[in-house]
**Q** 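Let me begin by handing over the structure; questions about it come next.
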Amino acid sequence: MSAAQLIIACLLVPAVGAAGIALAGRWPNLRETVTLSTAALLFASVLGLLPKVLAGGVPQLFVLEMLPGIALGFRVEALGMLFALVASGLWIVNSVYSIGYMRGNDEPQQTRFYVCFALALAATMGIAFSANLLTLFLFYEILTLVTWPLVTHHGDEEARKGGRLYLGFLLGTSIVLLLPAIIATWALAGTLEFTPGGILRDKASGPVIGGLLALYMFGIGKAALMPFHRWLPAAMVAPTPVSALLHAVAVVKAGVFTVVKVIVYVFGVDTLAGIRAADWLPAVAGFTIVAASIVALRSDNLKRRLAYSTVSQLSYVVLAAALLTPLSVIGATLHIATHAVGKITLFFAAGAIYTAAHKTEVSQLDGIGRRMPWTMGAFAVGALSMIGLPPAAGFISKWYLLAAAVELGHWTALGVVAASTLLNAAYFAPIVYRAFLRPPPAGAAAHGEAPLPMVLALTATAALTLVLFFQPDVALALARAVAGG
Amino acid sequence: MIAEHLPALVVVVPLAAAPLIVLLRSAALGWALAFAASLFAFGASLALAAEVARAGVISYHLGSWPPPWGIEYRIDALSAFLLVLVSAIGAVVAPYAWRSIAAELPREQHYLYHAVFCLCLAGLLGMTATGDAFNVFVFMEIASLAMYVLIALGRDRRALLASFQYLILGTIGATFYVVGVGLLYLVTGTLNIADMAERLAHDGGTRPVLAALAFITVGLSLKLALFPLHLWLPNAYAYAPSAVTAFLAATATKVSVYVLLRFYFTVFGAGLVLETLPVPEILIGLSIAAIVSASLVALWQADLKRMFAYSSVAQIGYITLGIGLATRDGLTAAVVHLFNHGITKGALFLLIGGIALRAGGAGFERLRGLGRAMPLTSLGITLAGLSLIGVPGTAGFISKWTLVLGAIEAGYWWLAALVVLTSLIAVAYVWRFVEAAYLQAPDARTPPAGEAPFSMLAPSWLLVGACFWFGFDTSFTVESARRAAALMLGGAP
Amino acid sequence: MTTFASHYSYWITVLLLAAGLYIMIARGNLVKKLIGLSIFQTSVYLLYIAPGKLIGGTAPIVSEAYRVYSNPLPHVLILTAIVVGIATLALGLAIVVRISTAYGSIEEDEIVAADAGGRDRA
């Protein structure tokens with residue numbers, strides 16, 4: 001297949017898959033088969049694009065002109081390639097996990113769940129491959145809308161509240177801040193195409209660039225930069241597979257992906273570095289990292305703790321991108337992938353615990369590691385990755401971030417990373433400690449591992465977290481291309 | 001031969017259909033005739049739009065009397081665009097009306113409904129097509145009288161009062177308009193719009209001309225429901241039969257905006273209206289008041305129809321805001337939004353008609369769990385609601401894009417901020433429906449499972465589809481609007 | 001003073017306009033509102049017709065005997081406007097009849113009160 005056909009396939013496969021899932025809704029086994037084969041086909045399509053991108057090619061596809069001078073178009077470059085690989089690859093694992101989780105917990109409305117999931121992946125592919133800001137914005141908003149039914153899946157009062165926060169923050173920031181930023185960019189630069197080196201160079205004065213950057217950074221609500229992070233913990237009312245793939249990978253990574261994309265291809269790293277318009281950004285990101293970690297430390301609810309951990313880890317990417325050096329951009333790009341595999345493992349584990357033991361609080365986890373050794377073992381690997389210790393993938397991206405901070409002599413960044421590493425350890429280590437070293441409470445109900453599909457899925461992602469540490473070549477090659485391009 | 005007379009036929013065919021329907025006294029034939037007439041009008045409008053795009057302004061001399069003595073029909077980029085909108089909505093609402101009216105009116109009144117509908121359509125098309133200021137008044141009254149009748153047909157007795165209030169305010173508006181035209185006639189001695197414009201180019205700005213401008217502005221503002229002259233609108237929309245609400249919401253106020261644009265930019269000229277007088281400032285101020293207040297009021301309505309009626313007042317505010325920006329981009333935004341809001345609101349009110357049919361009303365208490373009972377209708381309202389909010393990929397987004405761009409390029413950063421902030425209120429009121437339909441459990445007042453009839457659902461979904469089509473393919477809307485804006489700012493066509 | 005006196009037709013127009021508008025706003029009786037509406041519309045007839053009349057002018061029949069003609073166009077226009085006015089009045093009265101049947105009253109405040117159990121009235 002040609003590159004253009006592959007791009008079309010990446011967008012259409014999940015969309016057509018969603019229709020297929022809807023049609024097969026009455027027969028659960030068939031429906032799940034459709035989901036899995038759609039996921040596999042999507043991953044294959046994305047993989048098909050990989051050699052072309054690694055060889056330095058930039059496959060593109062222009063569909064139609066939406067507004068005079070602005071096309072609906074797609075262009076696959078290294079950053080989008082990495083994001084698409086991570087999201088589509090993990091979708092397969094997550095689908096296996098979903099089947100176990102949704103059936104194990106006897107969840108309602110399963111067809112709607114799988115349909116929305118497939119649509120969310122289609123939107124994610126659109127974001128990853130978008131050639132300009134308008135296309136990106138289009139899919140960014142679609143992603144918000146199709147994940148709303150997943151967040152409000154249970155339809156109860158809590159879900160309604162969570163849904164309101166979710167929609168309010170994501171749609172609110174994107175309409176009020178991001179959209180005007182995009183329109184202003186169009187008014188200033190006369191183009192919205194992502195261009196290496198940026199499109200705003202010499203197009204506006206320093207203060208205007210600074211203001212625009214603020215609009216972008218806070219407008220990309222999916223990146224969960226404080227104070228616009230509240231939607232992420234609110235989204236945890238969703239079933240755990242949603243939290244795992246969407247609110248640890250697809251949606252939030254779409255946010256930081258957009259951040260990196262905007263900094264690298266809209267403003268241009270050199271433009272920002274030259275006029276020092278982004279100097280405030282590491283501070284905000286740093287604050288988010290530390291503050292979210294502290295909230296995580298104080299949260300007893302496991303999913304809430306993981307959510308705040310995500311808020312904090314997302315700002316690693318923002319911080320790295322905001323340092324504006326090639327090394328830091330490599331770090332930012334890598335962290336999109338490494339955090340994804342680690343955090344999805346943690347969420348998988350949390351969902352497995354909920355399914356098998358119906359426990360949601362950290363304080364209830366005493367001794368659970370003995371009954372669910374695979375789950376808690378995987379959790380430990382994920383936690384290692386979050387803290388940033390070898391042999392987990394998180395170490396690599398953190399290493400690049402630290403190297404960039406040292407190279408720049410950026411002591412704030414260094415301090416933030418150091419503090420956050422300690423905080424991460426402080427809120428993950430006790431969970432592992434409780435699970436394996438504390439005795440289970442007397443009279444606890446006997447239970448074993450979660451259903452097999454779930455255990456398989458979380459073992460796979462845990463393994464992936466380790467593999468990515470030893471074999472980071474592909475990810476690294478793509479990240480270098482982003483930084484070098 | 002026929003093509004040559006299209007500018008007149010587009011008005012005459014629906015106009016002639018009306019008495020014919022009354023003579024036939026048959027519901028089925030009346031419906032068929034009304035549908036055929038509206039389809040013809042749509043086809044003719046498309047042909048006219050294509051001709052205007054190809055060859056420029058069409059001037060048609062009624063009865064072959066040359067203007068300025070005879071009445072001239074004049075189709076340019078702006079009026080062709082409006083003709084397409086009005087006739088398209090007419091052609092969508094006409095088939096819809098068959099089942100919708102059957103549920104709301106006694107059978108012996110059906111043919112009368114179709115006749116009055118044709119009159120209303122003819123009146124609105126006439127206002128758009130004619131190039132004669134007094135002729136505009138005549139068509140305005142034909143359309144308005146038809147509307148009063150159509151609104152009064154509503155099942156609820158409050159429809160009568162709504163219709164009466166609209167009759168009083170609408171007649172005041174039309175009379176103010178005709179006073180303004182009279183003053184212009186005294187100054188220029190002509191009623192032909194193009195001729196008037198030429199003569200005013202020399203002695204514009206005198207006191208009678210300013211008085212005429214004031215009268216026409218106030219009169220048309222009543223007709224187009226510009227805040228604070230919008231008080232007739234919510235009740236009229238809320239209590240009229242469903243098909244009527246959809247037709248009015250999508251066309252009536254839009255045509256009045258068209259006439260206002262015509263007078264501002266063709267007759268008085270952009271120089272007088274936008275530069276000498278503080279019209280832009282007043283328009284911007286009133287538009288902001290409309291957008292903010294009506295959006296907030298919409299949020300608290302207990303009835304879906306009323307909620308979207310208030311939303312219409314707010315959306316008209318966006319249109320007048322675009323005019324108030326007084327730039328080419330702003331005018332483009334206003335004209336684009338005329339169209340996009342027309343199809344969006346048309347789709348919404350048509351779908352709400354389906355709910356009214358199944359549930360006996362559109363109060364929020366009947367909407368619980370509607371997502372299961374009427375999945376296609378609920379999904380349609382949600383999707384059209386997205387267009388109302390301005391989510392990318394929808395027609396509403398194109399409007400918002402052009403409007404914000406216009407505001408930024410005119411240097412009104414705060415207005416751009418206001419536009420995006422107020423669209424959050426739209427999110428809130430659209431999501432009230434979504435939450436009720438999808439997140440609340442059905443109860444005894446929810447209609448039993450079952451969709452509206454196909455003949456109602458299909459036209460509704462056609463417009464929902466249009467909301468998305470024009471969100472991606474803007475070659476017709478934005479291009480037409482840009483040409484129209486250029487025409488308006490370039491002075492007399 | 002001469003301009004004031006010589007423009008008396010305009011003053012009457014303004015007077016009728018204001019009186020009609022006032023009646024429509026101030027009166028709660030629906031029939032009286034319609035009467036106000038008619039007075040209001042009448043003012044327009046005068047506005048158009050008065051300037052069309054030239055003292056000593058005749059109908060525009062081309063003849064050697066006459067040199068001054070009145071403009072006939074305003075008369076024609078106002079004929080149309082009168083037709084529109086009558087149609088409006090007739091329709092308005094018809095609606096009032098229906099309102100009277102439905103509510104048993106044609107006083108606005110009573111009608112509004114009868115519906116007060118319903119929703120808010122804006």
Side-chain angles (χ1 to χ4, degrees), chain A residues 63-72 109 112 123 126 133-142 144-145 148-149 151-164 166-188 192 208 211 215 219, chain B residues 329 332 336 369 371-372 375 379 382-383 385-386 389-394 396-398 400-411 413-428 430-432 434-436 438-441 470-475 477-479 481-482:
Chain A
V63 183
L64 54 84
E65 196 169 65
M66 277 179 79
L67 280 158
I70 313 173
L72 178 66
Q109 300 268 18
R112 188 178 77 190
L133 273 171
L134 186 66
T135 312
L136 190 143
F137 186 65
L138 168 70
F139 286 102
Y140 182 98
E141 296 292 60
I142 293 177
T144 306
L145 294 170
W148 181 81
V151 172
T152 56
H153 187 81
H154 291 126
D156 51 14
E157 187 52 40
E158 199 194 349
R160 248 200 308 276
K161 265 193 203 145
R164 277 185 199 156
Y166 187 72
L167 204 72
F169 271 98
L170 290 187
L171 222 48
T173 50
S174 68
I175 291 178
V176 176
L177 304 171
L178 183 55
L179 177 62
I182 294 174
I183 297 178
T185 305
W186 168 249
L188 290 170
L192 291 177
V208 173
L215 280 182
Chain B
D329 288 307
T332 307
V336 165
R372 296 243 183 112
L379 183 66
T382 309
L383 292 178
L386 294 181
I389 296 167
V391 169
T394 63
F397 175 71
I398 304 298
K400 189 177 297 167
W401 177 280
T402 47
L403 188 58
V404 173
L405 185 63
I408 288 178
E409 297 215 318
W413 277 90
W414 60 276
L415 269 184
L418 189 99
V419 169
V420 291
L421 271 174
T422 49
S423 58
L424 287 189
I425 312 180
V427 177
V430 169
W431 238 257
R432 263 186 81 202
V434 174
E435 284 197 357
Y438 291 103
L439 295 183
Q440 289 182 351
F470 291 111
F472 285 101
D473 181 5
T474 58
S475 51
T477 49
V478 174
E479 278 311 308
R482 280 160 71 105

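In what follows, chains carry the letters A, B, and so on, assigned in the order in which the sequence lines appear, proteins first and then strands, with residues in each chain numbered from 1. The structure presented is a predicted model; accordingly, all values stated were derived computationally and were not measured.
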**Q** Heavy-atom distances under 4.5 Å only: say whether B:L421 touches chain A with side chain, backbone, both or neither.
**A**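 Contact with chain A is through both the backbone and side chain of B:L421.
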**Q** With a 4.5 angstrom heavy-atom cut-off, could you sort out which part of A:L67 is near chain B: side chain, backbone, both or neither?
**A**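 Contact with chain B: backbone and side chain both.
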**Q** What part of A:L188 lies closer than 4.5 angstrom to a heavy atom of chain B: side chain, backbone, both or neither?
**A**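 Interface part for A:L188: neither.
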**Q** Can you tell me how far CD of B:E435 sits from CZ of A:R164, rounded to the nearest 0.5 angstrom?
**A**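 Separation between the atoms: 4.0 Å.
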**Q** What part of A:L72 gets within 4.5 angstrom of chain B, counting heavy atoms only: side chain, backbone, both, or neither?
**A**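 The side chain, not the backbone.
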**Q** Can you confirm whether A:M66 sits close enough to B:P392 that some side-chain heavy atom of one is under 4.5 Å from a side-chain heavy atom of the other?
**A**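 No; the side chains remain at least 4.5 Å from each other.
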**Q** Counting only heavy atoms closer than 4.5 Å, note whether B:V404 contacts chain A via side chain, backbone, both or neither.
**A**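 Interface part for B:V404: both.
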**Q** Between A:L134 and chain B, with a heavy-atom cut-off of 4.5 Å, which part of the residue counts as in contact: side chain, backbone, both or neither?
**A**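 Answer is side chain: those atoms of A:L134 sit under 4.5 Å from chain B.
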**Q** If we only count heavy atoms from C-beta on, is the B:S475 to A:E65 side-chain gap below 4.5 Å?
**A**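 No. Closest side-chain heavy atoms not under 4.5 Å.
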**Q** What are the two closest non-hydrogen atoms of B:L424 and A:G172, and how far apart are they?
**A**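 In terms of heavy atoms, the two residues are closest at CD2-CA, 3.6 Å.
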**Q** With only heavy atoms counted, which part of A:I175 is less than 4.5 Å from chain B, the side chain, the backbone, both or neither?
**A**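 For A:I175, heavy atoms of backbone and side chain both lie under 4.5 Å from chain B.
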**Q** When rounded to the nearest 0.5 angstrom, what is the spacing between CZ in B:F397 and CZ in A:F137?
**A**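 One finds 5.5 Å between CZ of B:F397 and CZ of A:F137.
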**Q** Mind checking whether B:K400 and A:L179 have side chains closer than 4.5 Å, heavy atoms only?
**A**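 A side-chain contact under 4.5 Å exists here.
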**Q** Might you work through the side chain to side chain contact (heavy atoms under 4.5 Å, CB included) test for A:I182 and B:W401, ending with a clear yes or no?
**A** CA-CA 10 Å; A:I182 294 174; B:W401 177 280; 3.8 Å; yes
**Q** What's the separation between atom CG in B:L405 and atom CD1 in A:I183, rounded to the nearest 0.5 Å?
**A**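 B:L405 atom CG to A:I183 atom CD1 measures 6.5 Å (nearest 0.5 Å).
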**Q** For B:W431 and A:W148, take the angle between the two ring planes, folded into 0 to 90°, and tell me which bin it lands in: parallel under 30, tilted 30 to 60, perpendicular over 60.
**A**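 The rings of B:W431 and A:W148 stand perpendicular, inter-plane angle above 60°.
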**Q** Given a strict heavy-atom distance threshold of 4.5 Å, which part of A:I142 is in contact with chain B: side chain, backbone, both, or neither?
**A**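 Answer is neither: A:I142 stays 4.5 Å or more from chain B.
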**Q** Give, for atom CD of A:E157 and atom CG of B:L439, the distance between the pair rounded to the nearest 0.5 Å.
**A**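 Between A:E157 CD and B:L439 CG, I get 9.5 Å after rounding to 0.5 Å.
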